[in-house]
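Below is one structure; the comments refer to it alone.
The sequence lines fix the lettering, A, B, ..., with proteins before strands; numbering per chain opens at 1.
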There are 4 protein chains.
Amino acid sequence: MEERRREILAAAGRVFARKGFERSTTAEIAREAGVAEGTIFRYFPTKRDLLVSVVASLVMESLPALLERIETGTIEDAIKDILRNRLDLIKENAPLLKLFFAEALFREDLREKFIEEVVLRATARAEAFYRQQQEQGNLRPLNPQIAIRCLMGMLGIFVIWKEFLGGDKYVRFDEEEVLETITTIYLDGVRDRGR
Amino acid sequence: MEERRREILAAAGRVFARKGFERSTTAEIAREAGVAEGTIFRYFPTKRDLLVSVVASLVMESLPALLERIETGTIEDAIKDILRNRLDLIKENAPLLKLFFAEALFREDLREKFIEEVVLRATARAEAFYRQQQEQGNLRPLNPQIAIRCLMGMLGIFVIWKEFLGGDKYVRFDEEEVLETITTIYLDGVRDRGR
Amino acid sequence: MEERRREILAAAGRVFARKGFERSTTAEIAREAGVAEGTIFRYFPTKRDLLVSVVASLVMESLPALLERIETGTIEDAIKDILRNRLDLIKENAPLLKLFFAEALFREDLREKFIEEVVLRATARAEAFYRQQQEQGNLRPLNPQIAIRCLMGMLGIFVIWKEFLGGDKYVRFDEEEVLETITTIYLDGVRDRGR
Amino acid sequence: MEERRREILAAAGRVFARKGFERSTTAEIAREAGVAEGTIFRYFPTKRDLLVSVVASLVMESLPALLERIETGTIEDAIKDILRNRLDLIKENAPLLKLFFAEALFREDLREKFIEEVVLRATARAEAFYRQQQEQGNLRPLNPQIAIRCLMGMLGIFVIWKEFLGGDKYVRFDEEEVLETITTIYLDGVRDRGR
DNA sequence: AATGAATGAGGCTTCATTCAT
DNA sequence: TATGAATGAAGCCTCATTCAT
């Protein structure tokens, strides 16, 4: 039954997201799916096949949302808006993104999907935005591909810290202060010109 | 003997980088190091400690020298020096660091030691540096914990892109340009002030 | 299957009785039970649990029937019945119980489960019985927890003497006389009231 | 050096008393003795030899004290005095006694020493006391060997419970109440004659 | 098609004992 | 004689996968 297959896939997604691949057991997935352990193997020949299927369905369903919306307005507002928007989306899908990211590190096929479907398309839009602002004289003539990645990196490290590494336990940041600081650094740098 | 400890550490680094953490066996590490399996456990209480120690020694080793060097010279030089140093370190040990990062995503136990012994200590130093420069009026009064992480994030995203995800296949960046751009953005921002 | 569980329990009982706890291996128990080593762990999470279960099932098995039987009849009969029943039980399983006792002396983890699941439950029943007889005016108003243990102690020392220490070689007691004497002392004491 | 040998023996005694034989490690004994692990094996060929030596020295030094003093006076006082005296002695030497007892269960040679040197001599004295009181018409004409063991059993079970099994964690008894109750039961039984 | 009990290879870790220094 | 680093056999336990029902 197709129904059964989907249940197993969904359950596997939840378990993998919680524990990662190696530390998830087929027993736990079976329990979560409400089927017998053996049943899993009628639909997926090995545990690894199950992972590939989980991740494939993720790419098709959740990640495209990361591409939505590029705002306009003052640059300040636009940047903050982009950051906030991305941040919210990531936070909603953090567990699965984390799994996806972890697996992408070691699987060529997953990486390709990830880079092509998500990274390149997202950065392409952002780069276009940067270029457009550059032409209007609002932004300095830096390499947009690099400049855009710098912004994403600043956001990314806080996402990784909090959502992927559970760094909250050690140092907790106020979200608004972080977005504010990233924006101001990105626009004006850290150098003090007031003296 | 300290010598023996280093041999095991080095061998473990090679094996982990080759196979990943879970799929490396202590038997293979022992073989690679030319010691008995039990010997490993004279130096490292668990396999997990071994991994943490391998990575920690990598990351911390060059840190004191780096920080000392930074004490003198302009901020610009300091930042470039930090970026250069960390980048080289990562490039040389990319496979191992990648593995560690992937493991850390799903293993609280791995993270704890590493965050406490490496991340927090290293960032504390950097934050102190930032504060000191702040007091001298060289840097703006931003939250140093956030400001420091912003710089690391900018570098991090290029490392992840190239070393962890093999992004070179899609977009290749000139290393010097990247470091230059990060430095200038970090210090002066992207806003065009009509110069 | 419940059947399989019992097989393992029985095999474990034999092996433990033969070799002691630490020197019994799960491999041997599995061989003796005619199952794969891993199978043991489907039924008992750890080797320690296996030992506790073996002994607990021994001690608790005949308890409900015993207590029920005791409800009716004189106190004298009840006490003799209890003593007889426990004595037979111990005699049949002396090597295993001896081993368990020896292990329990130095393993907090073993004791905890056993005391909580067996000792406290069994004594609670006996204490309830004592209280009930007390209310009927058949027994003196002593602390039931202490009074019950006194009875068990009298029996216990003969068990330890004969079954655990092989004291038969030095002094041999007639079983019936022992049970008779314990009963009469427990009920009426050793003081001569000049009858 | 003979000095060194004694240090190791004493350290081993402490460690064995704490953890029992199987769970004590030669490493811990060496640490406790302040010598290198290898040194132990210059004095005692195997770990088991070490145990035998520890226990042998115990029998020669500590146990004989258990035989001291048999009081006279009223029977009540005599019994309470005996109980209290034994209890105090046992409590002082509980850890080593426990070790000794545990090992005696499985070692013929130790058992013999224990029974001959301690048990038989102690009971012989007590039996003589019982007989003497019997002749004076103070005690019932029961088999003194059995009657004496009954008293010791009542005391013994509380010692085992508290000192050997750490039962205090579960049920704690007031020492005076216990001695009082044992004495009264032993002398007068539990049967209520008041009705 | 579904079950879930059973498997057994293989991993990490412990620790008494050895031996070169 | 003392050291303590090194050994390696052996043990407990995990878990993906199989297969009789």
[X] [atom1] to [N] [atom2]: how many Å, rounded?
{"X": "B:Ile8", "N": "E:dT13", "atom1": "CD1", "atom2": "C1'", "value": "15 Å"}
{"X": "D:Lys47", "N": "E:dC15", "atom1": "NZ", "atom2": "P", "value": "8 Å"}
{"X": "D:Asp49", "N": "E:dT17", "atom1": "CG", "atom2": "C1'", "value": "13 Å"}
{"X": "B:Arg5", "N": "F:dG4", "atom1": "CZ", "atom2": "P", "value": "19 Å"}
{"X": "D:Phe44", "N": "E:dT17", "atom1": "CZ", "atom2": "P", "value": "14 Å"}
{"X": "C:Asp109", "N": "F:dC12", "atom1": "CG", "atom2": "C1'", "value": "14 Å"}
{"X": "D:Leu50", "N": "E:dT17", "atom1": "CG", "atom2": "P", "value": "10 Å"}

Check: [Y] and [X] side chains under 4.5 Å, non-hydrogen atoms:
{"X": "C:Val35", "Y": "C:Ile29", "result": "no"}
{"X": "D:Phe164", "Y": "D:Leu97", "result": "yes"}
{"X": "B:Asn93", "Y": "B:Val55", "result": "no"}

query = Considering only E:dT13, E:dT17, F:dC12, which nucleotide approaches the side chain of B:Phe41 most closely?
reply = E:dT13

request  = When you get a sec, tell me which of F:dA16, E:dT3, F:dA2 is the closest nucleotide to the side chain of A:Arg42?
outcome  = E:dT3

ask   = Does any residue of residues 16-40 of chain C have a heavy atom under 4.0 Å from DNA chain E, and if so, which ones, in number order?
value = C:Val35, C:Ala36, C:Gly38, C:Thr39

Quick test of your reading of the model: are [X] and [Y] salt-bridged, counting only N-O distances below 4.0 Å?
{"X": "D:Glu3", "Y": "D:Arg6", "answer": "yes"}
{"X": "C:Glu112", "Y": "D:Lys169", "answer": "yes"}
{"X": "C:Arg107", "Y": "C:Glu22", "answer": "yes"}
{"X": "C:Glu108", "Y": "D:Lys19", "answer": "no"}

inquiry  = Quick check on side-chain hydrogen bond (donor to acceptor under 3.5 Å, both in side chains): which of D:Arg14, D:Arg18, D:Arg23 does D:Glu28 satisfy it with?
reply    = D:Arg18

task = Could you summarise the pairing of DNA chain F as dot-bracket text, marking Watson-Crick and G-U pairs under 3.5 Å with ( ) or [ ] inside the strand and | across strands?
result = .||||||||||||||||||||

query = So, is C:Arg4 close to the E:dA5 phosphate, meaning a side-chain N or O under 4.0 Å from OP1 or OP2?
reply =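 It does not, given that no N or O in the side chain of C:Arg4 lies less than 4.0 Å from OP1 or OP2 of E:dA5.
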
key: Short side-chain N/O contact to F:dA6 OP1/OP2 from B:Tyr43, under 4.0 Å   = yes

key: Partner residues of A:Phe21 under the ring pair (Phe, Tyr, Trp, His ring centres under 6.0 Å) criterion, sequence neighbours left out   = A:Phe16

